[in-house]
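Predicted model only: the values in this text are computed from it and were never measured. Every chain is numbered from 1 and lettered A, B, ... according to where its sequence line falls, protein lines coming before strand lines.
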Amino acid sequence: MKFPAPVSVEWIASLIEAELVGNKKGFAIGINEIHKVEKGDLVFVDHPKYYKKCIESNADFIIINDSTDIPEGKALLICKEPFDAYLKIVNHFRPFVPAEKSISDSASIHPSAVVMPGVFVGNHVTIGAGSVIHPNVTLYDHVHIGERVVIHSGSVIGSDAFYFNTRKNRTAWYKKMQSCGRVLIEDDVELGAGCTIDRGVTHDTIIGSGTKLDNQVHIGHDTVIGKNCLLAAQVGVAGAVEIKDGAILWGQVGVSKTLTIGENAVVLAQTGVPSSLEGNKTYFGYPAEDAAVKRRELVWVKRIPEIWERLKNVEQLMRK
Amino acid sequence: MKFPAPVSVEWIASLIEAELVGNKKGFAIGINEIHKVEKGDLVFVDHPKYYKKCIESNADFIIINDSTDIPEGKALLICKEPFDAYLKIVNHFRPFVPAEKSISDSASIHPSAVVMPGVFVGNHVTIGAGSVIHPNVTLYDHVHIGERVVIHSGSVIGSDAFYFNTRKNRTAWYKKMQSCGRVLIEDDVELGAGCTIDRGVTHDTIIGSGTKLDNQVHIGHDTVIGKNCLLAAQVGVAGAVEIKDGAILWGQVGVSKTLTIGENAVVLAQTGVPSSLEGNKTYFGYPAEDAAVKRRELVWVKRIPEIWERLKNVEQLMRK
Amino acid sequence: MKFPAPVSVEWIASLIEAELVGNKKGFAIGINEIHKVEKGDLVFVDHPKYYKKCIESNADFIIINDSTDIPEGKALLICKEPFDAYLKIVNHFRPFVPAEKSISDSASIHPSAVVMPGVFVGNHVTIGAGSVIHPNVTLYDHVHIGERVVIHSGSVIGSDAFYFNTRKNRTAWYKKMQSCGRVLIEDDVELGAGCTIDRGVTHDTIIGSGTKLDNQVHIGHDTVIGKNCLLAAQVGVAGAVEIKDGAILWGQVGVSKTLTIGENAVVLAQTGVPSSLEGNKTYFGYPAEDAAVKRRELVWVKRIPEIWERLKNVEQLMRK
């Protein structure tokens, strides 16, 4: 997320009760995670293994749990719990304000868009020209809908990520990682009924232009789907996945987190995808394999009884 | 779909800017796809491979992209894009009129039916005696609910089909096949929470009397489910499937499109059904097989290490 | 369920037109199924195989379809259809009263809880301090939500069980087993968008404190989930399952009915669980097995072509 205006890093250090080391006069323009961080941003790190990567990233301001070297112009904000500090900053700048009415006054809906009865439109939502939002859809805060988008009933866009850190030594077992990103639905997308799309935790969840989702599809936080993809009914995609342009996922496919599915890949029904897949191929099975290879494997399994019989014959012959 | 009254085929030719060849004086009573077409209907075809089938079907008026022979009494409507013409006709006769209120004035609800708060009831919906529609259900236009039907919260009936034609040479990658059919829910059906049932594209989607669906079941367009079937939670059925009376599908089963599941078939949990299944049998696995055969296969797979060992012994003995 | 006040067993016998044998002067305090029944309750049994178990249970009043011995102080209520009698009693004491408004007057919502637009809150629902119910959620009658609970949009809590008895000799093929239990959501639970949780048929469905559900999770009737569990997106759990504290179920896992998953068990994505699993282990595949064993099996299957080749060689050598 970006801040409404640049914020003095000294002020942020005092907000999170951190010791400020290095360039104390800087201004932060936003806060993000290590993979998405841009120049002027804050980032956080709580394990020495990742110190170097964070300090050498685009981030200028590093919330960290120990002192370490820092290049000229950057600053460390040293505190005991960088993750809690991160949450505190996010909550300060994007507090949860429950909407009083079904359509927030801060939403911006194009006059040619149709919003049907029972739709909830949260704060700062935008809906583009010619889009149709069918009854009983929910659009959480900061969801952006492009032009000529169709969203069918019961779908939920912008719900929180399923992202919890385990803290077994605390009162609370799980610590929720707050969702600070948005959902962007680009032009000419169609979403079926009963879909759920979580917003990003640190980046945005994006559905690329021309992509079509069938009913009951689930898309996790920070996932980016390319242009002109097809996702059939009951597909589930975990968080921080990248699906490239033109990929097709058939019914009930499951995709694990933080992986990439290549351009024009086709994933057949009920396939489970535990790791990245190259584009321009067809996949099937669990774990997902080249469909031709997997089909041959099914034939091989059918031959086990024959192998058993022939082996028995060989053994009997040898015993003679 | 049927037209409200017979329409002159000359008028239709001018609407879609087609050249009219053959019987120019006919009247069309409706429009449908090749598998459902009845006498007096329009049909469309855009590939020479299917010309003959369409011309010899019940349809009297064929929207087509080239000239060909035509029997006495029938007519060709020749135009460059028969599919676009089809959409134009459908949109002319069934335009999308967004409802202004949660319950459309054109809906017909029996006085003994219960419609709970937050339910959306679209244009021309009917709800029969003794039915209960729980909160936050969505009934799109032209959905028909029989008597003593129960629909649990969050379910969506009548959403558009997931049916897109690929047109990679155009501005838009995918062309949506418009849903012109209805959903018919017959008497004594119960639908769980969070179900989604798409309406037909050219025919109707039908849930037969006495059939019960658990939560989060998805039913595709034009699918016809018989009487007294059971579909457990998270089952997904694609488009244009036929499920015969008394069939049982257990949890998370996936059914591919345009196939038939026979009477009283039982499909065990998580099974994937890629092709038609005979009735009165029990199935399991991917691809669905006779459950007894599949269970034996699982036992065979467990014996591979033993086969491996015994083969090694044989090889050693032979080397001596 | 418990009755609002003790009810004379004579009055109940007349309600269900049963013959009363044994202690005719008793008072019943509630009605329950054999596994949950407490002292003073009614229970029903309609098969001689279970007569003994019911009569020796905590229940004092047994609705039964034949005469049999009965201990001092207990009573039999003999009628032709004990199950119908059970339904009649339940309906008498907890009739379905459709709510007139979105938030029932009998609901009790803590002032610090946030209930967003489009939420339905049924009769006798309670919502604890600091809980947030997002837009378009449905809470059926008798749902109890603890403190600091978050429920995301489109979720449905308290829908009826998918529980039908087959009665093929009757007019109606299926007889619905009415849901008389409640749903209890304990403190610090978070439920994702589009989840569905059925209420209990005879007991309560319970989500233990600190447990987190991702989007589109389905939980069946009478299922009890322990504390600090994680259930990822599109998991489906059937009825009367017990999931112990700290268990983790990854995406699209399916769990069959009336089984137990042990403490801290981890069930990997898309796994199918047909029978109980011990705690503190990791499982995978269908049917669920120890993940290490299952992974080795996948390797063994890949070796079948090699086995085939080596066996062929052995056979050729022997033929010489």
Minimum side-chain heavy-atom gap B:E190-C:Y174 below 4.5 Å: no
Heavy atoms, side chains only, cut-off 4.5 Å: are C:T166 and B:N228 in contact? no
Taking every heavy atom of B:Q234 against every heavy atom of C:V235, the minimum-distance pair comes out as NE2-O, 3.3 Å
Quick check: closest heavy atoms across B:M318 and C:M318, and the distance to 0.1 Å? CE-CG, 3.6 Å
Apply side chain to side chain contact (heavy atoms under 4.5 Å, CB included) to C:E306 and B:W308, showing your working. CA-CA 10 Å; C:E306 183 192 332; B:W308 183 268; 3.3 Å; yes
I need the residue from B:A193, B:G118, B:G285 with the largest number of non-hydrogen atom pairs under 4.5 Å to chain C. B:A193
Tell me, for B:L231 versus chain C, whether the close heavy atoms (under 4.5 Å) come from the side chain, the backbone, both or neither. backbone
Shortest non-hydrogen contact from C:V156 to B:S153? CG2-O, 3.4 Å
Non-hydrogen contacts under 4.5 angstrom with chain C: give the residues of residues 294-305 of chain B involved, or none if there are none. B:L298, B:V301, B:K302, B:I304, B:P305
Side chains of B:D214 and C:H218: closer than 4.5 Å at any heavy-atom pair? yes
Does any heavy atom of chain B fall under 4.5 Å from the side chain of C:V255, the backbone, both, or neither of them? neither
Give a yes or no on whether C:K176 atom NZ has more than 12 heavy-atom contacts from other residues, nucleotides or ligands under 6.0 Å away. yes
Which of the residues C:N313, C:T271, C:V119, C:V293 is involved in the greatest number of heavy-atom pairs with chain B at under 4.5 angstrom? C:T271
Chain B: which of C:G154, C:P287, C:G272, C:S256 shares the most heavy-atom pairs with it under 4.5 Å? C:G272
Are B:H134 and C:F120 an aromatic pair, judged by ring center distance below 6.0 Å? no
Crowded around C:Y163 OH? As in, over 12 foreign heavy atoms under 6.0 Å? no
Among C:L311, C:I307, C:L317, which residue has the highest count of heavy-atom pairs closer than 4.5 Å to chain B? C:I307
Chain B contact via C:D160 - side chain, backbone, both or neither, heavy atoms under 4.5 Å: both
So, do B:M116 and C:Y140 sit near enough that their side-chain heavy atoms are less than 4.5 Å apart? no
Part of B:D188 within contact of chain C (heavy atom distance under 4.5 Å): neither
Engaged part of C:V217 at the chain B interface, taking heavy atoms whose separation is under 4.5 Å: backbone
Would you say B:Q270 and C:Q270 make side-chain contact, with heavy atoms under 4.5 Å? no
Please state whether the side chain, the backbone, both or neither of B:F284 comes within less than 4.5 Å of a heavy atom of chain C. side chain
If you compare all heavy atoms of C:S159 against all heavy atoms of B:N215, which two are closest, and at what distance to 0.1 Å? OG-ND2, 3.9 Å
